[in-house]
Amino acid sequence: MKIKTRITELLGVDYPIIQAPMGWIARSALASAVSNAGGLGIIETSSGDLPAVREEVKKMRQLTDKPFGVNIAQAYVRDADIVSFVVDQGVKFVTTSAGDPNRYCSALKEAGLTVFHVVPSLAAAAKAIEAGVDGLVVEGAEGGGFKNARDVSSMVLLPLVCSTFNVPIIAAGGMVDGRSMAAAFALGAEGIQMGTRMVSAAESPVHQNWKDAIVAAKETDTVFLNRFGPGPACRALRTEKTSRLEREPGENGVAPEFRNSQALYFGGDMEASIALSGQVAGRIDSVKPVAQIISEIVAEFDEVMAQMAAKYARAPA
């Protein structure tokens, strides 16, 4: 059965489950699997390789007839005409992140797109609402990837934003299964976004070594890097390299470590760069196809919601 929320109605999907737009990873093989399973696949632009992204969108049209979206990671935009690029891809949904929501929101909405902005704080959410976004992706600091240095967990941030603004909200950070999805809904969200769970999926293009490292990780096996800059902070898997960077980030921060990211992402050298991953790595115990991941999430979500209603529902006075 479909899950009906404002998110599914806006996006035209069966389930309010969105795949995070990880650079180099959120390409057609993974995104189409998510869309075909009833969620929403997202194609990234943060790699900056727009010719490749354009080809990935073409592949999406061949691999799925379901809705999908594109992300604009503003800090990594290299093309001044990125809005036209996204509009030309024919998508109807875009997330913007890593920057000022005012930068592209008006132009994207004038072109008829639905726009959600990724926010790490209540102040950022207020700015995005003022900019006119249609909804928010509220991202807790336990999630993987680039982060606000003043980190706030989903358990605090999500209900704070949801109780302040009446817009559709997608919860990110800590989302991995039906139980965490039910928790997000209890806190006010109407959808979830998953990154690390999708990095470890069978259709993910990353090297098997990265997937195996996620499966082997404990809940304490991530590090929060670069809290004091320069450049953005980030959460990553614990390796010899990241353990060293946790203590000694260097005068240029951690950004230089991403120059050799392809050797880690696709070559499998886990010490070559930084494997961005969330704390939910400690809850992932196997590599599964996307369709199985999503079907299990939906089934568990339904089961948890029913169990909670039966266990804690109070009879009328």
Side-chain angles (χ1 to χ4, degrees), residues 1-20 30-42 64-69 93 114 116 135-140 142-143 153-155 157-159 161-163 166-204 214-215 219 278-316:
M1 293 179 63
K2 297 180 180 180
I3 298 174
K4 185 178 179 180
T5 71
R6 286 185 291 177
I7 300 296
T8 57
E9 291 181 333
L10 275 172
L11 305 185
V13 297
D14 293 340
Y15 310 122
I17 299 172
I18 292 86
Q19 158 245 312
L30 178 59
S32 64
V34 175
S35 291
N36 284 331
L40 190 85
I42 301 285
T64 186
D65 60 358
K66 302 293 181 65
F68 65 94
F93 177 72
T114 298
F116 278 44
L136 301 169
V137 179
V138 176
E139 186 174 43
E142 63 267 60
S153 71
S154 293
M155 194 71 177
L157 181 62
L158 187 57
V161 175
C162 289
S163 64
N166 184 27
V167 297
I169 288 175
I170 297 167
M175 302 299 118
V176 70
D177 58 4
R179 187 169 296 279
S180 51
M181 180 171 165
F185 275 49
L187 295 175
E190 296 179 54
I192 63 169
Q193 176 177 285
M194 295 187 296
T196 305
R197 174 72 273 194
M198 292 301 180
V199 172
S200 69
E203 293 89 344
S204 168
I214 290 172
V215 170
E219 77 279 10
Q279 290 179 334
V280 295
R283 298 196 59 219
I284 296 170
D285 58 10
S286 62
V287 173
K288 298 178 180 179
V290 165
Q292 182 179 351
I293 291 171
I294 290 180
S295 66
E296 289 179 352
I297 288 173
V298 172
E300 185 180 47
F301 172 80
D302 289 341
E303 180 182 359
V304 168
M305 296 294 277
Q307 288 176 346
M308 294 286 283
K311 188 173 183 178
Y312 297 112
R314 300 178 65 181

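Note that this is a predicted model, so its numbers are computed, not measured.
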Enquirer: For F185 together with F301, are the ring centres under 6.0 Å from each other?
Expert: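 Yes, ring centres under 6.0 Å apart.
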Enquirer: Please report the shortest heavy-atom distance between A20 and G195, naming the atom on each side.
Expert: CB-CA, 3.6 Å
Enquirer: Looking at T196 and G278, would you say the former's side chain and the latter's main chain have a donor-acceptor pair under 3.5 Å?
Expert: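 The answer is yes, because a donor-acceptor pair under 3.5 Å joins these two groups.
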Enquirer: List the atom of A37, the atom of A291, and the distance in Å for their closest heavy-atom pair.
Expert: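 So the two residues come closest at CB-CA, 3.9 Å.
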Enquirer: How long is the straight-line distance from OG of S32 back to CD of E203, given to the nearest 0.5 Å?
Expert: 8.0 Å
Enquirer: Rounded to the nearest 0.5 Å, what's the gap from OG on S286 to CD1 on I214? Could you check?
Expert: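 If we round to the nearest 0.5 Å, S286:OG and I214:CD1 are 12.0 Å apart.
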Enquirer: Measure across G173 and S154 and return the closest heavy-atom pair with its distance rounded to 0.1 Å.
Expert: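 It is O-OG, 2.8 Å.
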Enquirer: Is any side-chain heavy atom of P16 closer than 4.5 Å to one of I3?
Expert: yes
Enquirer: Measuring only between side-chain heavy atoms, which start at C-beta, is V280 closer than 4.5 Å to M194?
Expert: no
Enquirer: Ignoring hydrogens, what is the shortest heavy-atom contact between V137 and A172? Give both atom names and the distance.
Expert: CG1-CB, 3.9 Å
Enquirer: Are the side chains of I18 and M175 in touch, meaning some heavy atoms are under 4.5 Å apart?
Expert: no
Enquirer: Would a distance-only check, ignoring hydrogens and angles, find a side-chain to backbone donor-acceptor pair under 3.5 Å from S204 to S200?
Expert: no
Enquirer: Would you give the length of the straight line joining atom NZ of K66 to atom CG of L11, rounded to the nearest 0.5 angstrom?
Expert: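 Interatomic distance, K66 NZ to L11 CG, rounded to 0.5 Å: 13.5 Å.
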Enquirer: Considering all heavy atoms of both residues, which atom of I169 and which atom of C162 are nearest to each other, and what is their separation?
Expert: CD1-SG, 3.6 Å
Enquirer: So, does S35 use its side chain to make a donor-acceptor pair with the main chain of P67 at under 3.5 Å?
Expert: yes
Enquirer: Drop me the distance from I192's CD1 to I7's CD1, to the nearest 0.5 angstrom.
Expert: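 Separation between the atoms: 11.5 Å.
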Enquirer: Hey, what do you get for CD (E219) to CD (E142), rounding to the nearest 0.5 Å?
Expert: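 These two atoms lie 13.5 Å from each other.
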Enquirer: For a side chain to side chain contact (heavy atoms under 4.5 Å, CB included) with Q19, tell me which candidate from V34, L40, I294 qualifies.
Expert: V34
Enquirer: Looking at every heavy atom in both L10 and P168, which two are closest together, and how far apart are they?
Expert: CD1-CG, 3.9 Å
Enquirer: Could you give the distance from CD1 (I17) to OG1 (T8), rounded to the nearest 0.5 Å?
Expert: 11.0 Å
Enquirer: Pick one: which of R197, Q279, M198 meets side chain to side chain contact (heavy atoms under 4.5 Å, CB included) with V176?
Expert: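 Passing option: R197.
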